[in-house]
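Worksheet for the structure shown next.
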Amino acid sequence: MQTNRKNTKIFPRFKRDLDYSHKALNMRCDWLEKKVNTKIKYLRRFSENPENAKGNIENMIGMAQVPVGINGPLLVKGSFAKGNFFVPMATTEGALITDYNTGMTIITKSSGASVKILKDVIHISPVFFVETLDQSQKFIILIKKHYKKIKDAAESTTMHGKLIGIEPYLVGRRVILKFIYNTCDAQGLNMINKATNVACRYISDISNRRYYLRSKFSSVKIVSMNNIHNGYGKAIFTECIISRDILKFFGTTPEEIYNYAVSGMLVSIYSGIIGLTAHIANAIAAIYIACGQDAADVSTSHIGITVCEVTEQKDLYVSLYIPNLLVGTVGGGTGLSTQKECLEIMECYGKGKSGKFAEIIAASCLAGEISVLIALVTGAYVDAHERLGRNKVLR
């Protein structure tokens, strides 16, 4: 066991091959119980071998078990997802599953949600330093001249990532190089960080320019209008037409939904909201947690635009555009046991499945938009949360 001189202030550490053993975790829990004067009981219970978490977490003391609910069937008509799917969501928010399940029922009874991935790129943008405008132009020419070797350097680090372009931007005495990749079925940020760093070392060697690997231009886990317009992750569009008869069953009309949506749009503009959705962050977060995604990617993925219109046949048209959806079906947390099972429920685990997974997420988000719009218009929203999500007395 490795300790420092002030062992009483440092939790137990072990060599990597022992650090994820039950013994190591229990020793940390025992140590922490004394430090914070509380009982740690449920964190010590595991649904799988904690050694499987190597590479996913450090200083491990247990597993947080979030309740998982199931929704569906959801009829999806996409390029990759075709047919009816059951969608797992991990949440502690009462009424959320019922809300999405209602929306999925409406979509399925309305001939399904059509879905299309419009763009699929991921990027990272290092910054190189120059002294003058003339030097920046020469540097950009150098990048174009050596692009093939830069691409080879980047792709030498991965079997799956492909560099598809480098876009230069001049910011004062800095040149931003936006490295654009396709990462196949991985979320890919770790992959492209490593690839771009190798490429930048090569660029630095041939240009004698210093650099930082991250300039913030790619806005990793930060909302960016540049990414919304130009792509970061999967840009995806989904739509559905809901008949007047179905809405009548729920006590509303296409016109009422449309009027409420327009009101929400006007107020959103007034308040400066980025995007225009009801709550797609709920579905994205719940599916991400259930399926081993990077939960922090909700920060960028939750931006979208929901549009409601009354059709010429007096039915309701609803669409949703999500410009920056980040998902992976390999790597990261997708291989952990419960997360893998959740992906397998949708037949979305492994290679060649990320497009399918993204389409199911988008259609699920659309279901939630439809359901909550109906609930808000009809006044059922508060009642549903009181019945299904009311506060519990602390035990």
Side-chain angles (χ1 to χ4, degrees), residues 117-236 294 296-297 299-301 303 322-328 330-332 354-355 358:
I117 296 173
L118 306 179
K119 186 181 290 188
D120 188 1
V121 297
I122 191 78
H123 50 80
I124 181 175
S125 302
V127 55
F128 283 80
F129 293 87
V130 295
E131 287 76 40
T132 65
L133 175 62
D134 183 59
Q135 287 182 7
S136 71
Q137 298 306 296
K138 290 179 180 178
F139 179 73
I140 292 171
I141 291 172
L142 182 73
I143 297 302
K144 293 178 179 178
K145 179 181 178 181
H146 290 268
Y147 175 74
K148 178 63 168 62
K149 291 183 178 179
I150 296 169
K151 177 178 171 69
D152 290 343
E155 293 179 0
S156 69
T157 66
T158 172
M159 295 176 60
H160 306 291
K162 299 297 179 184
L163 180 64
I164 58 179
I166 301 175
E167 294 179 359
Y169 296 86
L170 183 59
V171 182
R173 298 197 302 170
R174 297 163 179 81
V175 177
I176 309 297
L177 295 180
K178 180 179 174 182
F179 279 68
I180 306 168
Y181 293 85
N182 182 292
T183 56
C184 297
D185 294 294
Q187 183 257 29
L189 279 178
N190 289 334
M191 180 194 299
I192 68 174
N193 269 296
K194 181 179 180 181
T196 305
N197 195 43
V198 171
C200 285
R201 288 175 187 167
Y202 172 76
I203 294 170
S204 181
D205 288 342
I206 63 173
S207 66
N208 198 29
R209 299 286 173 191
R210 66 186 183 93
Y211 71 93
Y212 292 127
L213 181 61
R214 303 275 282 268
S215 68
K216 294 184 74 70
F217 186 79
S218 285
S219 309
V220 177
K221 296 174 182 174
I222 305 170
V223 175
S224 159
M225 293 306 298
N226 179 52
N227 285 347
I228 289 172
H229 291 306
N230 295 315
Y232 181 73
K234 290 176 171 61
I236 191 163
D294 186 338
D297 282 334
S299 60
T300 51
S301 299
I303 302 298
I322 307 174
N324 300 147
L325 187 66
L326 287 161
V327 299
V330 298
S354 64

Run N230 and K178 through side chain to side chain contact (heavy atoms under 4.5 Å, CB included) and show every step you take. CA-CA 12 Å; N230 295 315; K178 180 179 174 182; 4.2 Å; yes

Nearest 0.5 Å please: distance from the [atom1] atom of [X] over to the [atom2] atom of [Y].
| X | Y | atom1 | atom2 | answer |
| --- | --- | --- | --- | --- |
| K221 | L326 | NZ | CG | 9.0 Å |
| I150 | K145 | CD1 | NZ | 12.0 Å |
| I222 | T300 | CD1 | OG1 | 9.5 Å |
| S301 | D294 | OG | CG | 9.0 Å |
| I124 | L213 | CD1 | CG | 4.0 Å |
| I166 | H123 | CD1 | NE2 | 14.0 Å |

Quick one: closest heavy-atom pair of [X] and [Y], and the distance?
| X | Y | answer |
| --- | --- | --- |
| I203 | S207 | O-OG, 2.6 Å |
| A154 | A199 | CB-CB, 4.1 Å |
| Y232 | S218 | CE1-O, 4.0 Å |
| E155 | L163 | OE2-N, 2.9 Å |
| Y147 | G165 | OH-N, 3.4 Å |
| A153 | V198 | O-CG1, 3.5 Å |

Side-chain donor-acceptor contact under 3.5 Å, H160 with D185: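 Note: H160 and D185 side chains miss the donor-acceptor criterion.
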
Close side-chain approach of [X] to [Y], heavy-atom, < 4.5 Å:
| X | Y | answer |
| --- | --- | --- |
| V175 | Y169 | no |
| N197 | T157 | no |
| S219 | N226 | no |
| Y181 | M191 | no |

Evaluate side chain to side chain contact (heavy atoms under 4.5 Å, CB included) for I122 paired with I192, printing each intermediate quantity in order. CA-CA 8 Å; I122 191 78; I192 68 174; 3.9 Å; yes

Quick one: list whatever passes salt bridge (charged side-chain N to carboxylate O under 4.0 Å, His left out) with D120, sequence neighbours left out.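 D120: salt bridge (charged side-chain N to carboxylate O under 4.0 Å, His left out) contacts with K234.
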
Less than 4.0 angstrom from a charged side-chain N to a carboxylate O is my criterion; do R201 and D205 meet it?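 Judged by the 4.0 Å cut-off on N to carboxylate O distance, R201 and D205 do not form a salt bridge.
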
In this structure, are over 12 heavy atoms from other groups packed under 6.0 Å from K194 atom NZ?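 12 or below, so no.
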
Inspect the surroundings of CG in N190 and state if more than 12 heavy atoms from other residues, nucleotides or ligands are less than 6.0 Å away.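 Atom CG in N190 is not crowded, with 12 or fewer foreign heavy atoms closer than 6.0 Å.
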
So, the side chain of N324 versus the backbone of N227: is there a donor-acceptor pair under 3.5 Å, distance only?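 At least one qualifying donor-acceptor pair exists.
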
Could you work out, with ring pair (Phe, Tyr, Trp, His ring centres under 6.0 Å) as the rule, every residue matching F139, not counting sequence neighbours?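 In terms of ring pair (Phe, Tyr, Trp, His ring centres under 6.0 Å), with neighbours along the sequence ignored, F139 is linked to F128.
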
List in chain and number order the residues that pass side chain to side chain contact (heavy atoms under 4.5 Å, CB included) with S215, two or more places apart in sequence or in another chain; answer none if no residue qualifies.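 Here the qualifying residues are S125, V127, I176, F217.
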
Evaluation steps, side chain to side chain contact (heavy atoms under 4.5 Å, CB included), between L133 and L170: CA-CA 9 Å; L133 175 62; L170 183 59; 3.4 Å; yes

Under the salt bridge (charged side-chain N to carboxylate O under 4.0 Å, His left out) test against E131, which residue among R174, K138, R209 passes?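 Option passing the salt bridge (charged side-chain N to carboxylate O under 4.0 Å, His left out) with E131: R209.
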
